[in-house]
Amino acid sequence: MQADLFSEQQPPKLNQLGHSRIQYKEVGTILNKTSGFMADYDYSLNPYSGCAFGCTYCYAAFFARDTVAQENWGYWVDVKANALALLKKYRSKPITGKTVYMSSVTDPYQPIERKIELTRELLKELLHYHQPRLVIQTRSPIVTRDIDLLQQFQHLQVNMTITTDSEEVRKVFEPLCPGNKARLAAIKEVAAAGVQACITMTPLLPVEEPHAFAQSLLDTGISKFIIQPFHPDRGRFTAGTREEAKQLVRKYGWTAERYSEVEGIIKSYIPDLGIGKEGFQPI
Ligand code: SF4
């Protein structure tokens, strides 16, 4: 069983997966007290450090341990090899009812998760020993694999990030992420399985057809949405697509005015639109 590899035995030795170099590291804590944007949550839970999705605007990249890690954001992932063992220590002081955000600086369903099932094992532990109020944040259809577990939580929400309707934009800003259609289909499946679901347009990137985009969001059957602006002028981009991203922002005329206009169109379809930090309140 892969699960045991994270508790009593050695973790699997996968050194490379696709474009990402994989390392296994011991960490000091697995439930971290939150601050800043996520301060309303009790804990954040990140099964991994680094993220193979490598979004070019990812703020987490700028907290990476050194400039080499920052410049190579998207091309390395550290597996927290003792994550499950650390979480098991909380069995004696359960975090039942506490609010947990998974994850703030990585994607819990990036490709390595399909191989090693660390997020799945952590979910089992949370489900059977804690029942926290859990929000899962992802850009990955792999989340549908765990619907059987997600359905059993008393308080859980899956947030799927969908930032644009344009594959051109997606490929520049989120070159290593799953495509938009796959994400929409995945969150639709999660919701259809009776799991509380939300689409987070965080940040909202340049959109080609705002009306059709808003309709495609509604077509998922989901009723909860959060939106947040993307600030290209303030934006720091990770290496690689920096110039391309800035060019695309110019091409789409993605100014603050255009953003407000598009947000207004989306709001005409979805009046109850959560905005920024307020929208991210714990469930
Ligand atoms: S999926 Fe999230 S953590 Fe990963 S690179 Fe994108 S924004 Fe950063």
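Bear in mind that the values here come from a model prediction, so they are computed numbers and not experimental data. Remember, it's 1-based here, ligands and their atoms both numbered in the order they're listed. All values below come from the heavy atoms of this structure, side chains included, with hydrogens, waters and symmetry mates left out.
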Less than 6.0 angstrom from the centroid, inside 45 degrees of the normal: does Lys93 satisfy that with respect to the ring of Tyr90?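 Yes, Lys93 sits over the ring of Tyr90.
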Backbone N/O of Gln281 and side chain of Asp40: donor-acceptor pair under 3.5 Å: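 Between the backbone of Gln281 and the side chain of Asp40 there is no qualifying donor-acceptor contact (under 3.5 Å).
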For ligand 1, which atoms, with element, lie under 4.0 Å from some heavy atom of [X]?
| X | result |
| --- | --- |
| Gly54 | 5 (S) |
| Trp73 | 5 (S) |
| Thr106 | 3 (S) |
| Cys58 | 3 (S), 5 (S), 7 (S), 8 (Fe) |
| Arg139 | 1 (S), 2 (Fe), 7 (S) |

Could you tell me whether [X] and [Y] have a side-chain N and a carboxylate O separated by less than 4.0 Å?
| X | Y | result |
| --- | --- | --- |
| Glu168 | Lys251 | yes |
| Glu167 | Lys181 | no |
| Asp148 | Arg120 | yes |
| Arg65 | Asp78 | yes |

Minimum-distance protein heavy atom relative to atom 4 (Fe) of ligand 1: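 Answer, as residue, atom name and distance: Cys51 SG, 2.3 Å.
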Below 2.8 Å, any N, O or S contact between Cys55 and atom 8 (Fe) of ligand 1?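 No, since none of the N, O or S atoms of Cys55 sits under 2.8 Å from atom 8 (Fe) of ligand 1.
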